[in-house]
Each structure stands twice: as structure tokens, then as C-alpha cells.
S.K.: 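Structure below; questions to follow.
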Amino acid sequence: MAQSTTRITVLADNIATPPLLSEHGFAVLIERDQERILFDTGQGLALFENADQLGIPLDNLTAIALSHGHYDHTGNLAQLLDLNPHCRLYLHPDCTIERYVLHDNQPVKMIGMPNSAKQAIAKHDPALIHFTSQACKLTVEISLTGTIPKFHPLEKTSGPFYLDQKGLHIDQLGDDQSLWLTTKHGICVITGCCHTGLINTLAFIQQQEPRASLTHLIGGLHLANATSERLDASVQYLHQQPWQHLYLSHCTGARATDAIGQLPSLINKVTSTYVGRVINV
């Protein structure tokens, strides 16, 4: 029996053409059979505005899954849970903790999940909330990684992220998780920010699916400020996989997108995605 086609629509991202709205955030809608799963929920107004422009209802979701607890991936959660009181919610246990970013000569910025989202989670039916510290299935063909082990020496930390305003305690972003789904082609991986590291993430998914090939990659890779050594290692790891297409977005960065797209094995297979793009796998 042939597998169903999965339709993936980008609803929030850094690139958009008017009247669609761009923002520093990420959200994609995954539609397969009777499932309508929203992976991440963007930052602000863009999600609902874009869904309205595209004629996509957001009041009949079957599930919401969060890649990690940053504001640009968990905005709108309160409104979405209010519209979808019967949808399943998947998030890592550490997704709601306080977190901050500290850049030189810039004020401390709180970048955790909005309080409205935390309050909405507390009100949501506990029977519908799934805390994903380990890999789990959302459906037979769609899974979340849960906590991703960090084994690669270049992917130990993700940036100037902290658990306190003084920068004394580094945020290792252990709640960072990615989603993968099995298709007729192979494995399609969808990342939010990939804070745990591209190599760590893909290697973990390959351990879960040892008989399948990685064929599609969608989302942010958080390589915009990566060292040349880390970027080179990431590019070489990608080179080892039989990719059919990579749709890179959000926090990947133009430098990394260009470097990946210049690989001989990936010529004409790498594009920057944008709001409204539909990907069928």
C-alpha cells in the first residue's frame, strides 16, 4: 500500500513576500491523512495573518509540537490552545524554564516562552499534554526526538544563552528537539533551530531509523554565527547523506546556506524557504 503524501506549509519564517508577513520566528503546518500538526507557533502576529491570507484554518489542529522554549517558537500558543482545546500538545519538560541571552554591550534580553503560553499550558487538559524527554511518536509515521545526546565536540553549546540574568549558568538547551517523518522517499527532518547541533540531531535520528535514508531537511540550523570549523564539519556531514532537497530557513544564515549549496552533491538541491511555501514529501 502506497504511503500518503505529507503537505508541509510554512506559516512563519524570516522571509515573506507581501501581503504575507515575515518575522524572526518559525512555524510549519504538517498535514497527513487526518492529522494537522503545527510544529512551532512563531513569535507574533505573522502566524495568524499568514494563515488567514493563505486560507488555512488554525482552529482544527490535531496536535501542536514545540521544538524548544524560545519566544520565537512559542508565541501564539495561548491563542492556539484556546482555539484547539482538544488538540494534543508535545513539549520537552524544560520548555517552560526561564532563559536569557547576553550579547556584549547589549541589554539582557529574556527569550523564554511567553507567560501567556505557560498559563495556557497549565489550563490545557493534562491528558492531552505529552512531555517528550525521550523520542516519541506523534503518529505512526511522525516522531519527535526528545532530548538529543550531545556527542560532537563542536556542538556542545549553541550561543550566549543563559538561565539567569547575570550569565552565570549556561543554558545547554536540552529541550531542543526536532521532528522527523517517514515518507515514500525516506526520512524528512524538520528542525526548529537545531540548537543541539546539526550533526548531533541527524545522527540521533539515524539511530532511530537505521534502515532509512535522510532525504529531506526543512527548517533552521542555527549556523549563522558558527565558527568556520563547526560550519565545515556540518557541511561535510550533510555531504554524506543522499539528500533530495534541503529547505533552509530562520536561523540558518546566508553564509551557511551558501556553503551547503556549494557542495557538489547538493547543487540545485538547496533553497531558502519562505512563508507560504508548500513542500510535498
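In what follows, residues are counted from 1 in the order of the sequence shown. Quantities reported herein were computed from a predicted structural model and do not represent experimental measurements. Side chains are part of it too, since the values below use all heavy atoms of this structure and drop only hydrogens, waters and symmetry mates.
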S.K.: Scan for salt bridge (charged side-chain N to carboxylate O under 4.0 Å, His left out) pairs involving residues 243-266, sequence neighbours excluded, and state none if there are none.
M.R.: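 Every pair satisfying salt bridge (charged side-chain N to carboxylate O under 4.0 Å, His left out) with a residue in residues 243-266: there are none.
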
S.K.: Strictly distance-based, threshold 3.5 Å: is any side-chain N or O of R88 a donor or acceptor partner for the main-chain N or O of I37?
M.R.: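 Checking the backbone N and O of I37 against the side chain of R88, no donor-acceptor pair under 3.5 Å is found.
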
S.K.: Does the side-chain hydrogen bond (donor to acceptor under 3.5 Å, both in side chains) test come out yes or no for Q165 and E98, once each step is laid out?
M.R.: CA-CA 10 Å; Q165 297 185 48; E98 294 290 322; over 6 Å; no

S.K.: Count I, L, V, M, F, W, Y as connected when their side-chain heavy atoms are under 4.5 Å apart, and connections chain through other members. Are V281 and L217 then in the same cluster?
M.R.: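 Looking at the clustering, L217 is in a separate group from V281.
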
S.K.: Sorted by first residue and then second, give each ring pair (Phe, Tyr, Trp, His ring centres under 6.0 Å) pair with at least one member in residues 101-143; sequence neighbours left out.
M.R.: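 Checked against ring pair (Phe, Tyr, Trp, His ring centres under 6.0 Å) - neighbours excluded - the pairs reaching residues 101-143 are Y90-H130.
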
S.K.: Please report the C-alpha distance between D125 and L89 in whole Å, then the side-chain angles of each, then the deciding distance to 0.1 Å, and finally whether the side chain to side chain contact (heavy atoms under 4.5 Å, CB included) criterion is met.
M.R.: CA-CA 9 Å; D125 184 350; L89 175 64; over 6 Å; no

S.K.: For E209, which residues count as a salt bridge (charged side-chain N to carboxylate O under 4.0 Å, His left out) partner, sequence neighbours excluded?
M.R.: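 Applying salt bridge (charged side-chain N to carboxylate O under 4.0 Å, His left out) to E209 gives none.
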
S.K.: Consider side-chain contact (heavy atoms from CB on, under 4.5 Å). Of I218, I8, I30, which one does F39 pass it with?
M.R.: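 Result: among I218, I8, I30, I30 is the only option passing the side-chain contact (heavy atoms from CB on, under 4.5 Å) with F39.
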
S.K.: Are L66 and L138 grouped together when hydrophobic residues (ILVMFWY) are joined by side-chain heavy atoms under 4.5 angstrom apart?
M.R.: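 Not linked; separate clusters.
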
S.K.: Within the structure provided, determine whether Q241 and S265 are in side-chain contact (heavy-atom separation under 4.5 Å).
M.R.: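 In short, these two side chains do not touch, never coming nearer than 4.5 Å.
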
S.K.: Does the Q177 side chain pair with the main chain of G146, one donor and one acceptor, at a distance under 3.5 Å?
M.R.: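 Between the backbone of G146 and the side chain of Q177 there is a qualifying donor-acceptor contact (under 3.5 Å).
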
S.K.: Go through it in stages, so that I can follow the logic: the residues are S67 and D40, the test is side-chain hydrogen bond (donor to acceptor under 3.5 Å, both in side chains), and I'd like the CA-CA distance, side-chain angles, deciding distance and then a yes or no.
M.R.: CA-CA 6 Å; S67 66; D40 284 346; 2.7 Å; yes

S.K.: Count I, L, V, M, F, W, Y as connected when their side-chain heavy atoms are under 4.5 Å apart, and connections chain through other members. Are L81 and I56 then in the same cluster?
M.R.: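 Linked within one cluster.
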
S.K.: Any donor-acceptor pair under 3.5 Å linking the side-chain atoms of T147 with those of H92?
M.R.: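 Looking only at side-chain atoms, T147 and H92 do form a donor-acceptor pair, the distance falling under 3.5 Å.
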
S.K.: Kindly compute the distance separating CE (M113) from SG (C95), expressed to the nearest 0.5 Å.
M.R.: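 Atom-to-atom, M113:CE and C95:SG are 3.5 Å apart.
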
S.K.: Please confirm whether the backbone N or O of L163 pairs with a side-chain atom of D171, one donor and one acceptor, at under 3.5 Å?
M.R.: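 Judged by distance alone, no pair lies under 3.5 Å.
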
S.K.: Are I148 and L154 connected in a single hydrophobic cluster, I mean Ile/Leu/Val/Met/Phe/Trp/Tyr linked by side-chain heavy atoms less than 4.5 Å apart?
M.R.: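 Different clusters.
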
S.K.: Looking at G75, is its backbone amide N or carbonyl O close enough to the side chain of T41 to form a donor-acceptor pair, meaning the two atoms are under 3.5 Å apart?
M.R.: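 Confirmed, T41 side chain pairs with G75 backbone.
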
S.K.: With sequence neighbours left out, which residue pairs that include part of residues 247-281 fulfil the ring pair (Phe, Tyr, Trp, His ring centres under 6.0 Å) condition?
M.R.: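 Found H24-H250, H73-H250, H245-Y247.
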
S.K.: With no hydrogens and no angle check, is any side-chain donor or acceptor of D164 less than 3.5 Å from a backbone partner on G167?
M.R.: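 Confirmed, D164 side chain pairs with G167 backbone.
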
S.K.: Does the side chain of S4 pick up a donor-acceptor pair with the side chain of D33 at under 3.5 Å?
M.R.: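 Note: S4 and D33 side chains meet the donor-acceptor criterion.
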
S.K.: Considering non-hydrogen atoms only, spot the tightest contact between L20 and Q53 and give its length.
M.R.: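 Looking at all heavy atoms of both residues, the shortest contact is CD2-CB, 3.6 Å.
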
S.K.: Can you hop from F204 to I187 via hydrophobic side chains spaced under 4.5 Å?
M.R.: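 No; tracing contacts between hydrophobic side chains, which count when under 4.5 Å, never links both residues.
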
S.K.: Using a 3.5 Å distance criterion without hydrogens, assess whether the side chain of D176 forms a donor-acceptor pair with backbone atoms of H68.
M.R.: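 No, D176 side chain to H68 backbone: no donor-acceptor pair under 3.5 Å.
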
S.K.: Run the numbers on T257 and T271 for side chain to side chain contact (heavy atoms under 4.5 Å, CB included), then give the verdict.
M.R.: CA-CA 8 Å; T257 300; T271 56; over 6 Å; no

S.K.: Which heavy-atom pair separates L11 from N50 by the least distance, and what is that distance?
M.R.: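 Shortest heavy-atom contact: O-ND2, 2.9 Å.
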
S.K.: Kindly write out the residues that satisfy side chain to side chain donor-acceptor pair (under 3.5 Å) with T6, not counting sequence neighbours, or none if the list is empty.
M.R.: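 Here the qualifying residues are R32.
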
S.K.: Do K166 and Y100 pass the side-chain hydrogen bond (donor to acceptor under 3.5 Å, both in side chains) test, and can you show the C-alpha distance, the side-chain angles, and the key distance before you say yes or no?
M.R.: CA-CA 9 Å; K166 295 183 178 180; Y100 304 86; over 6 Å; no

S.K.: Verify, without hydrogens or angle tests, whether N84 (side chain) and L80 (backbone) share a donor-acceptor contact under 3.5 angstrom.
M.R.: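 It does hold such a pair.
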
S.K.: Does a donor on one side chain and an acceptor on the other come within less than 3.5 Å for E35 and T62?
M.R.: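 Yes, T62 and E35 have a side-chain donor paired with an acceptor closer than 3.5 Å.
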
S.K.: Decide yes or no for H195 and F161: does some side-chain heavy atom of the first lie under 4.5 Å from some side-chain heavy atom of the second?
M.R.: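 When only atoms from C-beta onward are counted, F161 and H195 do touch, with a gap below 4.5 Å.
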
S.K.: Partners of D175 by salt bridge (charged side-chain N to carboxylate O under 4.0 Å, His left out), sequence neighbours excluded?
M.R.: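 In terms of salt bridge (charged side-chain N to carboxylate O under 4.0 Å, His left out), with neighbours along the sequence ignored, D175 is linked to R99.
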
S.K.: Kindly give the heavy-atom pair with the smallest separation between T201 and C194, and that separation in Å.
M.R.: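 Shortest heavy-atom contact: OG1-SG, 3.6 Å.
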
S.K.: Sub-3.5 Å donor-acceptor pair from the side chain of K150 to the main-chain atoms of T196, do we have one?
M.R.: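 Pair absent, no side-chain N/O of K150 close to backbone of T196.
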
